[in-house]
Structure formats: structure tokens, C-alpha cells
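Report on one structure; see the data block that follows.
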2 protein chains.
Amino acid sequence: MGIAERREREKRERINTIILAARDLFFEKGYRATMDEIAERAELSKGTLYLYFKSKDELYISVILEGFHLLESRLKKELKGAKEVEERVRAVYYAFIDHCLENKAYFRTTQYFLTEDARANTSPDLVETINRSTGELMQYGVGVIREGMEKGVFRKDVDPFILALTVWRMATGILDLAVLESDTARGKRPYQEVFDTAIDVVLRGVRAG
Amino acid sequence: MGIAERREREKRERINTIILAARDLFFEKGYRATMDEIAERAELSKGTLYLYFKSKDELYISVILEGFHLLESRLKKELKGAKEVEERVRAVYYAFIDHCLENKAYFRTTQYFLTEDARANTSPDLVETINRSTGELMQYGVGVIREGMEKGVFRKDVDPFILALTVWRMATGILDLAVLESDTARGKRPYQEVFDTAIDVVLRGVRAG
DNA sequence: AGTTAATATGACCGGGAGTCATTATATAAC
DNA sequence: GTTATATAATGACTCCCGGTCATATTAACT
């Protein structure tokens, strides 16, 4: 059944072509890139795009998920080199931050899906997909915090999930600002001091004893 | 010169009528409310709207600034009743959170202006206006933290501004989630436990000694 | 070659932001 | 009171964009 398989493969290739064109343009112009532009970049007609993606938002989400996979690889890599508890927490924290700073367009795209507007236009199951993936990624944070509690380094009277959520949203909140001012602070992380202070304060706040 | 003054007054009244209609509709439908709808609600033609506001986004920003004034009154009121340092920090923290939860549309509208998309469509001086107002509001947070340091309750090796920024963005980050899930947790703040844990950890992290 | 199935196309539609020539209204001049 | 002028309001219109669909093209099968 070589033909069916080739067809399947060609379909995947086409989808990939479209995602690549879309990513390029979303990186370049943000959400305002148009479907016509993406079609032109992919050397396909607009109608064809809609053969493979139900909507512009679905294309958007595909790009977001690509970013999630990148981040996950990075988290795994960074965690391998880190042994000590606080070092592991920082590894997850800065892996997330650096990923977002190095891939600002991914970050913006992802943040966009926290707006009412985006969610209102997107089918519930797509939103659910994003939520599930987000939850999986957050487990990396929950994991290192739980390790810290088990080893007695962190206080045990805080819910690890809530703490992870808090740190994640704290980082995201600062990133919102950092990503907006992309031109400042050449050579080092923009907002470096803010990110450092933030995690220092939190770590001091959860240390046992 | 009574006529010129009356004209001036009528102009302000018209602007107010438009903002009221816009706010109603933004509350109801979010950013997706249309200029035609707003015009109809204000009992004016669409063209008239553009006589008083350069763009939909400028109208949006006017609504945001209204929200800022509301928040500022609340901050002042809450701070009057709070004497002790940590109590004052919490007063500012929860005044901000409750304001945002009670005025979700204001919050969403404001958050929208952290997106690339919105900023790209808005004139630099309007963006600047928002930034300045935001900075002024943040001074309430910076103030109570600085008080805490001066009284020796908080460690002095953290920049009060950075700490305020961190807590503000932490709250905003959690609010992003809380506002999305507006239907849950009737009767108490949604995400109550998360907000509580977040400020507890931070306060423990900055206490002197 | 002819038939059918699968893909691709782009003109077209609906709807929304923003414009502008025209109309209406208020003030000033005589 | 009438006419001229400045000011304000209007809504039909343009342009743009996401999404659709009847038609055309290509590939597969007999």
C-alpha cells in the first residue's frame, strides 16, 4: 500500500510547509499577518490553507505547540545537569525565561491565548489542547518543588502545584514587560535583576527552618 | 464668553456619552464590540465617534484610564484603614486583586495593551500615557514596601521598586488565569488559595532577620 | 483513453474599521 | 429677520481580512 502511505507523507509535508510559512510571518508581523500572506509565502492558495487548518487560530495554535516542544526539550536538557534542589528549581525557572526571551514570537503567541478575545474565537477543544499541554509543562516545576520538600529543603506547608503556578505566572508577568522592551539591556537578559530578585525572594520564602 | 464655555461643556458631555456606551459594550462583549454598536448605543452616528476619538483603540484606552481612577480611589481608601506594615502590603495587594476581579472587563482591556498587536495599532503617546499611569499606580506598592524597610520589618537588600514590580506581575499573572475562569468558586475569590500562598511566600522571603 | 476520486484554486461574501462629501444646526453679521 | 459662515453630525462608501465554495487541475484506477 505504498500509495496511501505516500499520500499520507505528502499531506504531512504540506502541513509542515504551511506551518513554516505561518511561523515566519507570525514572527515577522505578529498576529496581524494575514492568511493571504501566509498562502503566498507557502506558495499555495488561501483555499488550500483551509483544507489543512480549520481557521487562522488553529494555525496559530500549531505554532504555539511547536514552541512548547522546544521548551520541553530545553527543560529536559537543563534538568540533566542540575543535581541540588535549588539549582534544579533555578534550572527550570531560567530555562523557561530564556526560552521565552529567545523566542519572543512564540511567547507572544502563547500569551495571546490568555486573552478573552482569542478564546472566544477558538473552539473549546483547541483551548483544551493548549491547557493540557500547559499543564504537562508545569509538571516540571511541580516536580522539582516536590523533590525539594521530600528532601526537607523546602517547607511542606505549601501546595507544590500552587507554588509552581505562582512562580510560573510571576515569571510570565515579568516576561510580558521584558518582551515588550526587547531593545533595552543588550548583552544580558533584559530585566535580569527583576528575574533574579523574584526567584531569590520566593526561594527564601519556602526554605525549611 | 458663555458660549465658548457651553460648547466646551457640551463637548465633554458628548465624550462622556461615548465612553459610557463604549464601556457598556466592552463589558458586555469585550474587544469584539464594534464601533457601529457603540455608535448605536450612544445614539450617535459612527462618524461622530471618530470626531471625538481617533480610533477604537483610543476609546479603549479611555476606558482603561477610567479603571485606573477607580483602582486609585480604592487603594487610597484601603490604605487609610491599615496601620501595620504587612497589613498595608496586603491592603494594596488585595485592593488590586479585588478591583481586577470585580471589574474583569477593565482588567482584560488593560492586559490587552501588553500585547504586541495592540501596541502596534496605538500611537506612541497613548502607549506612553498608559505607561505613566501604570507607574503612578505602582508607587502605592513601592511606598508600602519602602515603609516596611524603613521600619526594619523588611530586609533592605532588595530594591523596593523591583519587589513591587515582581509582586504586581505575580498578581497579574494569576489574575490572567482567574479572570478566564470567572464562573468557578462562587462566593469567594477564585484562586483565593493561590493569591494567599503567593503573598505569604513573598512576605516570608522579605522579612528581616 | 475514459472515469472517478482527491486536491487545489481564487473570485467572492460578510462584516468591521475608518473616511469624507454632504447635510443640518448654531452663531454672527447686517 | 434674513443671509452668511462656522461648527457639528451623518451614513454611504472604501478597503481589508477571514473564511467559503463552485470550478479547475491533477492523480489513480479500469
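A note on names: the letters A, B, ... follow the listed sequences, proteins ahead of strands, and every chain is numbered from 1. Keep in mind that what you see is a predicted model, and the values were worked out from it rather than measured.
Checking side-chain atoms of B/R88 against main-chain N and O of B/A82 turns up a donor-acceptor pair under 3.5 Å. A donor-acceptor contact shorter than 3.5 Å links the side chain of A/E37 to the backbone of A/T34.
Residue contacts shown for A/R32 are absent, as no nucleic acid heavy atom lies under 4.0 Å away. Among the atoms of the strands shown, none is found under 4.0 Å from any heavy atom of B/F53. At a threshold of 4.0 angstrom between heavy atoms, the contacts of A/A33 are confined to the sugar-phosphate backbone, with no base atom among them. The residue A/T48 sits close to a base: some heavy atom pair falls under 4.0 Å. If you check every strand for non-hydrogen atoms under 4.0 Å, A/L44 touches sugar and phosphate atoms only.
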Between the protein and nucleotides 26-30 of chain D, list every N/O to N/O distance that falls short of 3.5 Å.
residue	atom	partner	partner atom	Å
D/dA28	OP1	A/R6	NH1	3.1
D/dA28	OP1	A/R6	NH2	2.6

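Rounded to whole angstrom, the span from the NZ atom of B/K29 across to the C1' atom of C/dG16 amounts to 13 Å. The nearest whole Å value for the distance from the NZ atom in A/K54 to the C1' atom in D/dT20 is 16 Å. Rounded to whole Å, atom C1' of D/dT20 lies 12 Å from atom CG of A/L51. With rounding to whole Å, A/E40 atom CD is found 12 Å from D/dC17 atom P. Counting to the nearest Å, the C1' atom of D/dG18 and the OH atom of A/Y60 are 14 Å from each other.
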Just list the side-chain donor-acceptor pairs under 3.5 Å for residues 8-21 of chain B, sequence neighbours left out, or say none.
residue	atom	partner	partner atom	Å
B/E10	OE2	B/R6	NE	3.2
B/T17	OG1	B/E13	O	2.9

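With salt bridges taken as basic N to acidic carboxylate O contacts below 4.0 Å, none links B/D176 and B/R108. Salt bridge status for B/E28 with B/R41: present, with a side-chain N to carboxylate O gap under 4.0 Å.
When distances run from any side-chain atom of B/K46 to the nucleotides C/dA8, C/dG18, D/dA9, the shortest one goes to C/dG18. Ranking D/dA12, D/dC17, D/dT10 by closeness to the A/T34 side chain, first place goes to D/dC17. Closest approach to the B/R14 side chain among C/dA17, C/dA8, D/dA9 is made by D/dA9 (side chain taken as heavy atoms from C-beta onward).
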Stepwise ring pair (Phe, Tyr, Trp, His ring centres under 6.0 Å) test for A/F26 and A/Y31: CA-CA 6 Å; A/F26 287 146; A/Y31 182 68; 7.1 Å; no
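Inspection of the B/E72 and B/Y140 side chains reveals an N or O donor paired with an N or O acceptor under 3.5 Å.
At D/dC21, none of the side-chain N or O atoms of A/Y50 fall inside 4.0 Å of OP1 or OP2 (strictly under the cut-off).
Between the side chain of B/K56 and the base of C/dG18, no donor-acceptor pair of N or O atoms lies under 3.5 Å.
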